[in-house]
Peer 1: 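Provided herewith is a single structure, encoded as structure tokens, for subsequent inquiry.
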Number of protein chains: 2
Amino acid sequence: MELTEAEFLRCYNVSLYEKPSFTVDLVIFTVRDEQLRVLLVKRAEHPFKDQWALPGGFLDLQCDDSVENCAMRKLVEKIGIRAPYLEQLKTYGSRERDPRGWTATTVYFALMASNSISLEKDQERVRWAPVQGEGVDKALAFDHAHILADAVVRLRSKLEYTHIAVHLLPEAFTLPELQQIYEIILQQPLDKSSFRRRVVQAGMLEEIAGKLRDGSGRPAQLYRFRDYDRKTFFPRSISRYAR
Amino acid sequence: MELTEAEFLRCYNVSLYEKPSFTVDLVIFTVRDEQLRVLLVKRAEHPFKDQWALPGGFLDLQCDDSVENCAMRKLVEKIGIRAPYLEQLKTYGSRERDPRGWTATTVYFALMASNSISLEKDQERVRWAPVQGEGVDKALAFDHAHILADAVVRLRSKLEYTHIAVHLLPEAFTLPELQQIYEIILQQPLDKSSFRRRVVQAGMLEEIAGKLRDGSGRPAQLYRFRDYDRKTFFPRSISRYAR
DNA sequence: CCCATTAGTTATAACAAGAAACTATTGAAG
DNA sequence: CTTCAATAGTTTCTTGTTATAACTAATGGG
């Protein structure tokens, strides 16, 4: 598609480039009470005052060395700890998404074990909202519902062929616990022996020798994730009818 | 007294927060002369004057409605046509990546058929550089070598489980041509019958009835990509020893 | 001491992929 | 006109992987 000369000139003549506002937002997932949950905060200020939104805010050029640093800073500010998993999701930028004008937000998504967080303090303004389908049961500010949907799709998709689900559990976990995480997020039951074969063959878990977890039946072997840096991939997607 | 949202917006000063410079860059891939190639431009201005760089530039708040629109505009400016495939890669932002100070760039990657482009006009300043390994045989400006490496990794990875390779070919193509695209990018030979089985079973190609492509041997059946919108996934990765 | 409960393994049948040999269709050489 | 080289496309068979279900194992509680 060729640009007309008029179109070209309209764009070209703007020599003074105004900058968009730039923010970083976070989609922080955890699994708790057998539900995938996302952290939401109630906005204190306009626009969208008192509506639920993804946590985030403006980049601070003085203290943030990089966009990722900014995301990590905001994560610490919101929930007080470093997330075991932080990945850039996507950047959303347009004139429309914020009534204040042109903004861009780079969204990160984080995974954490539910035992590593306690948010009892301020239930009114910060909440772990259960994810149903690809969203939550609340209206969200800005385009955050759309962003959250993208994040949920990405999480499910990555679950199919990577090991990121281990980051939703504490360091020591059992295979049935890990399988349950998959089942909760993918919303379908998985076969026990296939799941174990898959996970064991991928070779990224190691037994914690002698340690077991008690329950009402036979105690389960505890494992830990072996190599946090190595990115292991499954050769096939984990759910039988993926897409 | 509380402000209403309308009052808040009236008083809101957009320039309160210092903002980073915001650019959009493009990694435009094609396959030509049996090589994966990326479009590079020689920088006309400082910094990194006369070094090769990914095409891109500043967002124009007046004419770009969104980041993606900006990417499409720049694509049209650089090569004069709409790309059949455009996907956001990642956003890179830090104080270090540009000597002028804090900048962020949102990078898109595009795929196109090599027949749809002709860049004979300005070989000195615009070039389709062959990709070797995860980069090119030239020093690149800014952090563009790093960005390019990420883009190549993403391209290879997506080739394993999606159909995006069809966008590197013209609308009508043969299965051997498609297989060759995979082999060039993945840098390994693929089995003919397995490849055909896979691609046909995925069901996203349709024969162009009666149409054949001539060559030195038996003419090959021409196909077209059936559903440009539907995202089809392979259940397994296409290369045997993926990762 | 038996049973419910959960963990973990094994056997098998169905299925998918890799490899190689096979057939098919064209152009060019002689 | 025949043969051969070249490329397209299919078939067959072997091998490897997955789903399923039945099996064994280990624990606590009645």
Side-chain angles (χ1 to χ4, degrees), chain A residues 34 159-161 166 169 172-184 186 188-224 232-243, chain B residues 34 159-161 163 166 169 172-184 186-224 232-243:
Chain A
E34 309 198 354
L159 230 56
E160 298 281 353
Y161 60 97
V166 298
L169 288 169
F173 55 87
T174 69
L175 258 32
E177 282 168 351
L178 184 60
Q179 183 176 343
Q180 201 197 14
I181 295 283
Y182 275 87
E183 290 177 339
I184 288 167
L186 297 177
Q188 68 179 315
L190 299 174
D191 176 72
K192 184 169 50 162
S193 75
S194 301
F195 181 83
R196 297 177 75 91
R197 182 173 359 100
R198 204 184 159 84
V199 165
V200 170
Q201 272 186 5
M204 89 296 197
L205 297 188
E206 63 180 1
E207 291 189 2
I208 303 180
K211 296 249 183 143
L212 301 174
R213 173 151 303 166
D214 263 21
S216 65
R218 170 177 172 178
Q221 179 64 54
L222 281 171
Y223 289 83
R224 80 161 65 83
T232 31
F233 285 81
F234 296 116
R236 278 199 196 182
S237 64
I238 204 165
S239 64
R240 198 152 39 115
Y241 306 110
R243 248 149 289 256
Chain B
E34 309 198 355
L159 229 57
E160 297 281 351
Y161 61 96
H163 295 144
V166 297
L169 288 169
F173 55 87
T174 68
L175 257 32
E177 282 167 351
L178 184 60
Q179 182 176 344
Q180 201 198 13
I181 295 282
Y182 275 87
E183 291 177 337
I184 288 166
L186 296 177
Q187 297 178 122
Q188 67 179 316
L190 299 174
D191 177 71
K192 183 169 52 162
S193 73
S194 301
F195 181 82
R196 298 178 74 93
R197 198 172 22 210
R198 208 184 157 84
V199 166
V200 170
Q201 272 186 5
M204 88 295 195
L205 297 187
E206 62 180 4
E207 290 189 1
I208 302 178
K211 297 248 183 144
L212 301 173
R213 173 150 303 164
D214 261 22
S216 65
R218 170 176 172 178
Q221 178 65 53
L222 280 171
Y223 289 84
R224 80 161 67 83
T232 31
F233 285 81
F234 295 116
R236 281 199 196 183
S237 64
I238 204 165
S239 64
R240 198 151 41 114
Y241 306 109
R243 247 150 286 258

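Order of the sequence lines sets the chain letters (A, B, ...), proteins ahead of strands, with each chain counted from 1.
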Peer 1: Specify the separation, in whole Å, of atom CZ of A/Arg196 and atom P of D/dT20.
Peer 2: 18 Å
Peer 1: Atom NZ of B/Lys192 to atom C1' of C/dA17: distance rounded to whole Å?
Peer 2: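 Checked: the NZ to C1' distance equals 16 Å.
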Peer 1: With sequence neighbours left out, write down each residue that passes side chain to side chain donor-acceptor pair (under 3.5 Å) with A/Gln179, or none if nothing qualifies.
Peer 2: A/Glu183
Peer 1: Mind checking side chain to side chain contact (heavy atoms under 4.5 Å, CB included) for A/Arg213 and listing every partner two or more places apart, or none if nothing turns up?
Peer 2: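 Counting only residues at least two positions away or on another chain, A/Arg213 forms a side chain to side chain contact (heavy atoms under 4.5 Å, CB included) with A/Thr174, A/Glu177, A/Leu222.
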Peer 1: Would you name the heavy atoms of B/Leu169 and B/Leu178 that are closest together and state the gap between them?
Peer 2: CD1-CA, 3.7 Å
Peer 1: Could you write nucleotides 25-30 of chain D as a row of B, S and -, 5' to 3', where a protein heavy atom under 4.0 Å of any base atom gives B, of only sugar-phosphate atoms gives S, and otherwise -?
Peer 2: BBB---
Peer 1: With nearest nucleotide decided by heavy atoms, which residue, B/Thr174 or B/Ser193, maps closer to the 5′ end of DNA chain D?
Peer 2: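 The residue mapped nearer the 5' terminus is B/Thr174.
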Peer 1: Can you find an N or O donor on one side and an acceptor on the other, under 3.5 Å apart, linking the side chain of B/Arg197 with the base of C/dG18?
Peer 2: yes
Peer 1: How would you list, by chain and number, every residue that makes a side chain to side chain donor-acceptor pair (under 3.5 Å) with A/Arg196, sequence neighbours excluded?
Peer 2: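 Residues passing side chain to side chain donor-acceptor pair (under 3.5 Å) with A/Arg196: none at all.
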Peer 1: Rounded to whole Å, please give me the gap between CZ in B/Phe195 and C1' in C/dA20.
Peer 2: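 After rounding, the reported distance stands at 19 Å.
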Peer 1: Pairs under 3.5 angstrom only: tabulate donor-acceptor contacts from the side chains of residues 203-212 of chain B to other protein residues two or more places apart or in another chain.
Peer 2:
| from | atom 1 | to | atom 2 | distance (Å) |
| --- | --- | --- | --- | --- |
| B/Glu206 | OE2 | B/Arg224 | NH1 | 3.1 |

Peer 1: Rounding to a whole Å, what distance do you find between A/Arg198:CZ and D/dA19:C1'?
Peer 2: 13 Å
Peer 1: I would like to know whether A/Lys192 and A/Leu175 meet side-chain contact (heavy atoms from CB on, under 4.5 Å); could you show each step before the answer?
Peer 2: CA-CA 9 Å; A/Lys192 184 169 50 162; A/Leu175 258 32; over 6 Å; no
Peer 1: Write down the distance between CZ (A/Phe173) and P (C/dA7), rounded to a whole number of angstrom.
Peer 2: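 It works out to 14 Å between those atoms.
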Peer 1: Using C1' atoms of five pairs at each end, report the bend of the helix from C/dC1-D/dG30 to C/dG30-D/dC1 rounded to 10 degrees.
Peer 2: 20°
Peer 1: For A/Arg213 and C/dG8, give me the distance from atom CZ to atom C1', rounded to whole Å.
Peer 2: 17 Å
Peer 1: Within this structure, what is the NZ-to-C1' distance between B/Lys211 and C/dT26, rounded to whole angstrom?
Peer 2: 19 Å
Peer 1: Once you measure the plane-to-plane angle for A/Tyr182 and A/Phe195, does it fall in the parallel (<30°), tilted (30-60°) or perpendicular (>60°) bin?
Peer 2: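 Correct class here is perpendicular.
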Peer 1: By side chain to side chain donor-acceptor pair (under 3.5 Å), which residues pair with A/Gln180, not counting sequence neighbours?
Peer 2: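 For A/Gln180 the side chain to side chain donor-acceptor pair (under 3.5 Å) partners, ignoring immediate neighbours, are A/Glu34.
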Peer 1: Please report the distance, rounded to the nearest Å, between CG in A/Asp191 and P in C/dG8.
Peer 2: 15 Å
